[in-house]
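Structure, as structure tokens:
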Amino acid sequence: VGYSLAEIRECVADPSTRKAVDNQMNELQRTHIYGTPTIFINGKVFIGAKPYRVYERALKGWRF
């Protein structure tokens with residue numbers, strides 16, 4: 001696929017890469033968002049794709 005193993009290893013070994021990954025992990029832990037999609041409905045969190053019926057039940061009684 002054209003990736004350079006040497007460049008990947010260099011990136012992994014770079015301390016700034018570890019810092020960027022740590023910063024992203026800290027942000028995920030702070031926001032409690034652990035997957036995509038993450039959808040918030042009426043104070044409930046739905047992580048990952050769900051069947052339509054799940055969202056329909058969560059929205060029942062909700063008025064726009």
Nearest 0.5 Å, what's the CZ-NZ distance between Arg57 and Lys50? 13.0 Å
Value rounded to 0.5 Å, distance of CZ in Phe46 from CD1 in Ile41: 5.0 Å
Shortest non-hydrogen pair, Val45 vs Thr38, comes out as CG1-CG2, 3.8 Å
Could you list the cluster mates of Tyr3? Members are the ILVMFWY residues connected by side-chain heavy atoms closer than 4.5 Å, either directly or through other members. Val1, Ile8, Val12
With sequence neighbours left out, what residues match Arg18 under salt bridge (Lys or Arg N to Asp or Glu O under 4.0 Å)? Asp22
On a heavy-atom basis, the closest approach of Pro37 and Ala49 is CD-N, 3.7 Å
Please check if the number of heavy atoms outside Tyr52 that lie under 6.0 Å from its OH is greater than 12. no
Please lay out, stage by stage, how Glu27 and Arg30 fare under the test salt bridge (charged side-chain N to carboxylate O under 4.0 Å, His left out). CA-CA 5 Å; Glu27 187 68 13; Arg30 186 182 68 75; 2.5 Å; yes
For the hydrophobic clusters of this structure (ILVMFWY residues joined by side-chain heavy atoms under 4.5 Å, transitively), does one cluster hold both Leu28 and Ile47? no
Sequence-distant partners of Glu7, salt bridge (Lys or Arg N to Asp or Glu O under 4.0 Å), two or more places apart: none
